[in-house]
Every structure is written in structure tokens, then in C-alpha cells.
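The chains referred to below are lettered A, B, ... by the order of the sequence lines, with proteins before strands, and numbering in each begins at 1.
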Protein chains: 2
Amino acid sequence: MEDLTKAEEKIFSAAKEEFIEKGFDGARMQAIADRAGISKAALHYYYRSKEKLFKKVVNFIFNMVFNSVKQKIEEKLSFEEKVHFIISMYIDTILQHKHMAFFLFSELMKHPQILDELIKKQEKITTLSAAYQAELEKGKIRSIEPRHLILNVVSMCIYPILGSPLIIRILGFSKTEYDAFLQERKEQVFEFVMKSLRP
Amino acid sequence: MEDLTKAEEKIFSAAKEEFIEKGFDGARMQAIADRAGISKAALHYYYRSKEKLFKKVVNFIFNMVFNSVKQKIEEKLSFEEKVHFIISMYIDTILQHKHMAFFLFSELMKHPQILDELIKKQEKITTLSAAYQAELEKGKIRSIEPRHLILNVVSMCIYPILGSPLIIRILGFSKTEYDAFLQERKEQVFEFVMKSLRP
DNA sequence: ATTTGCCTTAACCATCCGGTCAAACCATGT
DNA sequence: ACATGGTTTGACCGGATGGTTAAGGCAAAT
């Protein structure tokens, strides 16, 4: 992101809050202006329309979330360590940006075209599936279709966090209990995956 | 649901479509009236307000989805068969009611209070975790915290479907490819779970 | 034929919302 | 002191939106 003046900064952060809380349809330009402590006219002076402001916010949040997730996985790590690293990182990152992650998921579902503009490449899979291949040939793990493996891991990390408000109510957790439960999951999911991959 | 006149039926089904496509904020009463082929005033005559109509729709869809998911698991099935049954049923049901499931997820996230009115009980867990206990004592599977097991299974079934528009784009599937992939998952997830549960 | 009660509609209302504009504000350079 | 140009604002606009109302239509009951 280019450098922003203080006014632009305040507006942008106000817009992030409003859009994350209310979504595109629910967000109000006046509410964004109020949060930023300026007039609605000034808001339009900086960001000409709701759509443009929204797209900038989505773009920013998308990059923020995906950059934190896409940290380099060090080459020297073993396959097992890589799996463990990916799981921990996914859970920590998504937990940290919970609201943003849900906002992204929700809005991108409604307007999937936005994704097309944002997605360039995604090498994460190859980096893991290469390590998987090597491990497989050493006979240390069983054979499995890599895309299913990836989707299994990602699902077990993301869904319990994305759907937490629902899951909490359905399984009868308290919020603090569920936070602890999600921390446990870092080890639990790792164990679940590695146990499944035994030859 | 009580019996509805033909007019009410048409209106209700029009409302379902509109709300599912646009969500509460995006839905328009006029659009619902148009779909149903009546005037906006007639619409308000039957369902007094947008909120009331919305809640009835949510309630209906919630029951429809959860009732199909909550089919009885026959007692005589073995633990393995039960796991397989749950996975297949989850994937089939959610796949069948894809749009409704996403609508529910999305709207319930924004207004979790609605859930409180809808949730009475949820015995699904006990029915499976009892079978799990028995199997564990026979030494046929390893020990695992049942809530993690359940959440793992549910996540691997739900997330790949809920997030399909995103996943398709990120993993570079076509829609038909992805449909086949999701069918494969019924066996893949089952195998993944059972392999993990080996002692 | 008239009443009764359900249904439908066109017209209308108040409010809200995104966006515009002309005027004012203010710091800087001359 | 004055002009310049970026910044800020209150007032306003057009259109959309949820909701209301008064009047009428229509079919069955009287």
C-alpha cells in the first residue's frame, strides 16, 4: 500500500471497521465518515465511491491475511515439521485475523469476481506436495491424493475458526473454553494428520 | 410449517430465493413481490415486515437442512459404518442444499442471536461418541478427544463445499472437476479418518 | 341483491442513502 | 497583503426502500 496522509489513514481504518462489521450492503458511508471524524463530503473527496473504497479495503485485507499465511517454509524442515508448521501458522493467523477472515470469506463468496483480480499464483501446494513426494518414496508415509490432504488440513484449521460463533452454540462451549480448545487443536490436528499418514 | 395458501406458498418461495441470493441487507421487498407476481402491498399483507418474513425463511431453511442432516443412524451399524454414513450424508446433504447452507452460515454469523431461538438440542455427538467409546474399549481404535474427532470430520465435509467458489479459484479446478472431486471426498475423508484412528 | 370478509392494487409517505456542489477554510508562497 | 490550490463542509438532490392507506374487486354466505 502506498503511503497515506493522516486523514486518509483515519478514513481507511474507519472504512475497514465498518465494512468488516457490516459487510458491503450493511455499511454506510455516513457511518464511515463519523468514525473517521469527518464529513461525508470529505470522505467522497478522498475515495470517490463506496465501491472503490470497498475494493481497496478488500484488497488490503486480502493481502494482509494471505501474506501472513504465506510465510516461507524453511527448506531444511522435515516433512513432519512442515506439516506441523503449516497447521500452527494457519490456526494462529486466522485466529489473529478472525473478523477479517470471516469478512473476506463472506464477501468473496457473494462477489467471487473480486477474487479473479486478486489471485496471481498459489505455490503453497507444490512446496508441500514436493516434500510429500520425497517422504512417500522413503516409505515413511502412505499414499494419498495430495489435493485431498491439503484440503483436509486446511478445512480442519479454517472451519472451526470461521464457524466459531455457530460451533460454540451448537457444541455448548463458552468463549474462553473454545479458545483453549482451538489452541489444543494445533497439536490435535497435527496428530490426527500424521497418524492418518502412517503407512 | 403450517399449511399455506397458494399465494402464501408463492410468496414464501419467492422470499427464499431472494434472501438466499442477496442476504437480508441485499434483498428487496419489491423484488420478492415481483418474483411472486403480486404487489408489494399484498406482500406486506401476508408477512407484515421484512424482519418477520426473513425470520420465517431462516427458520424454515434451518429446519430443512438440519433435519436432513439429522437422519437416524441405525443402531445396528458398526462404528466404521456409522462414520462412513455420517460423512456421506453430510457431504450429500450440504451439496444438495449448497446455497441454503451458505446463506444460513453467512446470516447466522451476522446475527447469532437467531441461533439461540432455533437450537433446542443436539444429540448427534453422543450417538457417535457412544459408539466410539465401545470401539475404543475393544481396542480397535486409538484414543482421541471425541469433540476434536467430530469437529475434524464435520470440517472436512462442510468447508470444501461452503468455500467451493473460493477453493475452485485457488486450486484451479473447473466446476465439473470439482464436483467429481467432492464425490471422491466421501471415500477419501472416510479413509483419512479411519486410517488416523488405527491404534 | 346485498352483505360480509378475504384479497389486491395504485398511489402515497417518510426516511435513508450514495453522491454532488458551491462556498468557505486555511496554509503556503510571493 | 494578496493570490493560489489543496482541503473541508453544510446543504442539497434524485432515487430507492420499507411500509401504509383508502378504495375497490370478488366470491361465498344471507
What is the distance from [atom1] of [X] to [atom2] of [N], rounded to the nearest Å?
| X | N | atom1 | atom2 | answer |
| --- | --- | --- | --- | --- |
| A/Asp25 | C/dG18 | CG | P | 10 Å |
| B/Lys50 | D/dA16 | NZ | C1' | 12 Å |
| B/Met29 | C/dC12 | CE | P | 22 Å |
| A/Lys10 | D/dT8 | NZ | P | 9 Å |
| A/Ile11 | D/dT7 | CD1 | P | 11 Å |
| A/Asp34 | C/dC17 | CG | P | 11 Å |
| A/Lys52 | C/dG18 | NZ | P | 16 Å |
| B/Leu43 | D/dT17 | CG | C1' | 13 Å |

### Query
Do A/Arg28 and A/Glu18 sit within salt-bridge range, that is, some charged N less than 4.0 Å from a carboxylate O?
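A/Glu18 and A/Arg28: not salt-bridged.
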### Task
Before accepting this row, confirm whether a basic side-chain N of the pair A/Lys186/A/Asp92 lies closer than 4.0 Å to the acidic partner's carboxylate O.
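Salt bridge between A/Lys186 and A/Asp92, a charged N being under 4.0 Å from a carboxylate O: yes.
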Between [X] and [Y], is the ring centre distance below 6.0 Å?
| X | Y | answer |
| --- | --- | --- |
| B/Phe12 | B/Phe60 | yes |
| A/Phe105 | A/Phe102 | no |
| B/Tyr159 | A/Tyr159 | no |

Closest approach to the side chain of [X], judged atom by atom: which nucleotide of [options] is it?
| X | options | value |
| --- | --- | --- |
| A/Lys40 | D/dT7, D/dT20, C/dG19 | C/dG19 |
| B/Ala41 | C/dC6, D/dT21, C/dG18 | D/dT21 |
| B/Ser39 | C/dG19, D/dT20, C/dT8 | C/dT8 |
| B/Arg28 | C/dC7, C/dG19, D/dT17 | D/dT17 |
| A/Tyr45 | C/dT9, C/dG18, D/dT7 | D/dT7 |
| B/Ala42 | C/dT8, D/dT20, C/dT20 | C/dT8 |
| B/Glu51 | D/dG19, C/dT8, C/dG18 | D/dG19 |

### Message
Within the 4.0 Å heavy-atom criterion, would you say B/Ala31 contacts the bases, only the backbone, or no part of the nucleic acid?
### Response
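Nothing: the residue B/Ala31, judged by heavy atoms under 4.0 Å, touches no strand.
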